[in-house]
Amino acid sequence: MGKVYVVVGAGFRGFCDTLQLIGEPGAKIHMVDREPFFGGISCSGKVKDFWVDKGVHMFDGIPRELADNVTEVMGGQVRTIDFVSMSAFNGHLTDGFSLPDLSSLPEDTKSRITAELKLLAADAGKGSPEPRHLRGLLQARYGATAGGIFAGIFQSIYDIDASLVQPDALSKTSLGRLKHLDDPLMLALKASDPFLDAVLAARRQALGKVDELVSIYPDTGQAMRGWCLRARKWLEDRGVAMCLGQGIESIESTGGKLRLKTGAHTIDADRIIWTNDDTQALAGLLGFDFDTHDWISGTPMLFAMLITKADHIKDFTYLQNFNSGGKTYRTACAGIYSGQIDADGNSFVTCECPTPIDSERWNNHHEAHHAIWQECKALGIVSPGAELTGHAVMRLPSTFKLAKLGYDEKIREFQAELGRRMRGVIFRDVKPFFRRDIYLDSLKVRDLVNA
Ligand SMILES: Cc1cc2nc3c(=O)[nH]c(=O)nc-3n(C[C@H](O)[C@H](O)[C@H](O)COP(=O)(O)OP(=O)(O)OC[C@H]3O[C@@H](n4cnc5c(N)ncnc54)[C@H](O)[C@@H]3O)c2cc1C
């Protein structure tokens with residue numbers, strides 16, 4: 001008789017952990033989620049007759065073995081994403097590069113950045129203290145000038161000062177590398193020193209193929225929902241029991257097992273694997289007060305879906321806009337890469353637009369599409385003659401979740417209390433963010449449950 005596991009959270013993290021656990025001989029797995037659908041944030045919603053992802057969601061830069069699984073789950077119905085990324089900064093567009101490209105700055109500013117980088121390179125490895133916050137990290141990587149520019153970009157996208165978030169927030173941003181010169185000069189600077197090689201970037205074409213990672217997307221015309229539907233069935237076919245739309249009513253320890261009750265199910269499990277960040281709910285179930293909400297910054301966005309004729313949409317994957325005062329951050333040709341063009345030739349782009357809660361634009365979001373559409377035209381995302389034939393603008397109060405200073409200590413406190421209250425409940429680290437990181441982190445779940 002194998003072990004019984006309950007995985008709480010049917011998002012991608014829960015999927016990855018379950019994928020590892022079904023490999024354990026005799027294991028019986030129950031997936032529990034309070035929402036009635038599978039996939040969490042990965043599951044697209046129907047908007048104006050199209051399936052729309054809540055942001056740019058794809059299996060980008062994933063390891064081969066995960067890509068093989070996604071392809072198997074999809075019965076081969078996947079398309080390769082051939083990234084055509086762009087970015088805008090300082091009023092200039094850079095093709096083939098999605099991070100901020102500072103190369104349009106005045107020559108004296110670029111020389112200062114280069115000089116600051118060389119000083120940092122000379123000091124690298126001499127035991128400087130670890131930066132305490134993201135602003136410190138940006139300056140330690142890129143110098144005062146470029147670090148300051150990146151901190152400003154960070155504030156305008158994430159609506160929080162970089163000195164208030166943990167340095168590891170960097171891994172969720174598009175600020176992980178610096179490019180401030182043209183590609184040949186960047187390549188020469190990178191080649192001159194290992195520190196500079198690690199922090200600087202050149203455009204992909206100039207670097208050649210940099211890794212063996214794969215980028216794919218479901219090809220059933222339902223956007224990421226296509227994967228969510230198939231992944232649920234794929235797991236059920238392998239014996240996983242789905243308990244969706246179920247609030248958890250209690251967790252108690254009884255007869256060497258953990259008894260978890262929802263309205264409709266009572267499950268006696270050997271381990272409960274908690275794969276979401278709702279510390280408050282888990283603490284409440286185990287009888288103590290705890291909440292990490294105040295240690296997380298949520299990044300509010302207006303999310304716009306703009307419909308126009310497919311042949312008026314530029315041939316691109318996504319554009320990241322770092323222009324100061326920009327209304328849009330990431331705009332994607334989501335309708336095109338998800339294969340959704342209706343009988344009239346219409347498709348859509350999506351725009352994630354950083355917008356502070358209660359700002360004028362937030363409060364008047366029904367009118368925001370005018371300015372967003374004009375910005376799409378100005379950035380060349382849709383052609384000048386394109387007509388907006390439909391739109392929807394949604395308010396998303398919390399998209400990219402960033403750990404504020406003190407979050408790690410708080411989580412350690414939580415883990416310690418959890419260990420005292422109930423052994424066998426495993427709170428998964430929710431820091432791994434991109435699908436590749438979540439998948440790689442899931443490779444340790446079998447060790448965790450058997451510890
Ligand atoms: C806007 C945006 C765009 C992104 N784009 C990409 C991308 O292109 N590529 C990439 O690799 N990564 C991307 N990411 C990151 C990636 O999507 C997420 O890290 C990942 O999908 C998170 O999966 P998850 O299972 O942890 O969370 P979720 O998908 O949020 O799933 C958590 C699940 O837990 C359930 N749950 C929560 N609390 C409880 C409770 N108390 N009881 C029961 N169930 C509960 C929820 O209902 C939900 O179903 C993006 C993230 C965002 C925010």
Side-chain angles (χ1 to χ4, degrees), residues 1-46 51 53-54 57 59 66 68-78 218 220-252 257-278 281-282 284-285 424-428 430 432 435 438-439 441-443 445-446 448-449:
M1 179 75 181
K3 286 190 180 151
V4 177
Y5 298 116
V6 177
V7 174
V8 181
F12 187 68
R13 204 176 306 273
F15 172 82
C16 288
D17 280 358
T18 303
L19 185 62
Q20 300 307 320
L21 294 173
I22 53 177
E24 200 173 281
K28 174 68 194 170
I29 303 158
H30 303 257
M31 285 191 98
V32 176
D33 202 295
R34 62 186 174 195
E35 298 293 345
F37 56 87
F38 181 93
I41 195 179
S42 304
C43 196
S44 339
K46 194 80 174 257
W51 289 107
D53 297 337
K54 301 164 196 135
H57 283 283
F59 296 98
L66 175 57
D68 288 346
N69 174 268
V70 175
T71 307
E72 185 190 324
V73 164
M74 295 304 300
Q77 278 186 275
V78 291
T220 58
Q222 290 177 297
M224 284 294 282
R225 180 184 154 87
W227 175 82
C228 296
L229 296 176
R230 301 270 180 112
R232 173 182 177 170
K233 173 147 191 336
W234 189 88
L235 291 175
E236 284 174 331
D237 288 349
R238 281 151 188 80
V240 176
M242 291 290 162
C243 315
L244 305 182
Q246 299 287 312
I248 300 170
E249 292 178 352
S250 64
I251 296 178
E252 57 192 41
K257 295 275 185 187
L258 301 167
R259 177 163 293 171
L260 180 145
K261 284 189 184 171
T262 71
H265 306 266
T266 298
I267 308 163
D268 286 333
D270 295 284
R271 294 279 185 275
I272 294 174
I273 301 119
W274 194 270
T275 69
N276 64 76
D277 60 4
D278 193 351
L282 179 53
L285 287 164
V425 178
I426 299 165
F427 179 76
R428 297 290 277 125
V430 288
R435 290 187 175 79
I438 291 174
Y439 172 74
D441 187 62
S442 75
L443 301 181
V445 74
R446 280 171 74 169
L448 291 175
V449 296

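In this pair, Trp227 and Phe38 present their aromatic rings tilted. The plane angle is within the 30 to 60° band.
To the nearest 0.5 angstrom, Ile29 atom CD1 is 7.5 Å from Ile273 atom CD1. To the nearest 0.5 Å, atom CD1 of residue Ile272 and atom CZ of residue Arg259 are 11.5 Å apart. In this structure, CZ in Arg225 is found 13.0 Å from OG in Ser42, a value given to the nearest 0.5 Å. A distance of 5.5 Å separates CG of Asn276 from CH2 of Trp274, quoted to the nearest 0.5 Å. Residue Phe427 holds its CZ atom at 9.5 Å from OG1 of Thr275, rounded to the nearest 0.5 Å. Annotation: the span from Asp268 atom CG to Lys261 atom NZ amounts to 9.5 Å, rounded to 0.5 Å.
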Side-chain donor-acceptor pairs under 3.5 Å in residues 5-21, sequence neighbours left out?
residue: Tyr5; atom: OH; partner: Glu24; partner atom: OE1; Å: 3.2
residue: Tyr5; atom: OH; partner: Glu24; partner atom: OE2; Å: 2.5
residue: Arg13; atom: NH1; partner: Asp429; partner atom: O; Å: 3.4
residue: Arg13; atom: NH1; partner: Pro432; partner atom: O; Å: 3.0
residue: Arg13; atom: NH2; partner: Val430; partner atom: O; Å: 3.4
residue: Arg13; atom: NH2; partner: Pro432; partner atom: O; Å: 3.0
residue: Asp17; atom: OD1; partner: Arg428; partner atom: NH2; Å: 3.1
residue: Asp17; atom: OD2; partner: Arg428; partner atom: NE; Å: 2.7
residue: Thr18; atom: OG1; partner: Gly14; partner atom: O; Å: 2.7

Distance-only donor-acceptor hits, side chain of residues 239-246, under 3.5 Å, sequence neighbours excluded:
residue: Gln246; atom: OE1; partner: Thr262; partner atom: OG1; Å: 2.7
residue: Gln246; atom: OE1; partner: Ala264; partner atom: N; Å: 3.3

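With sequence neighbours left out, Glu236 forms a salt bridge (charged side-chain N to carboxylate O under 4.0 Å, His left out) with Arg232. For Lys233, the salt bridge (charged side-chain N to carboxylate O under 4.0 Å, His left out) partners at least two apart in sequence or on another chain are Asp237. Legend: residues meeting salt bridge (charged side-chain N to carboxylate O under 4.0 Å, His left out) with Lys3, ordered by chain and number and at least two apart, are absent. Glu72 pairs by the salt bridge (charged side-chain N to carboxylate O under 4.0 Å, His left out) definition with Arg238, not counting sequence neighbours.
The shortest distance between side-chain heavy atoms of His57 and Arg435 falls below 4.5 Å. Using a 4.5 Å cut-off on side-chain heavy atoms (C-beta onward), Ile22 and Trp234 make contact. At a threshold of 4.5 Å between non-hydrogen side-chain atoms, the residues Ile251 and Leu282 count as touching. Proximity of His30 to Leu260: side-chain heavy atoms (C-beta onward) are nowhere separated by under 4.5 Å.
Here the closest non-hydrogen pair linking Ser44 and Gln222 is OG-O, 3.6 Å. Nearest heavy atom pair, residue Lys54 against residue Cys43, reads NZ-O, 2.7 Å.
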Run His265 and Val32 through side-chain contact (heavy atoms from CB on, under 4.5 Å) and show every step you take. CA-CA 10 Å; His265 306 266; Val32 176; over 6 Å; no
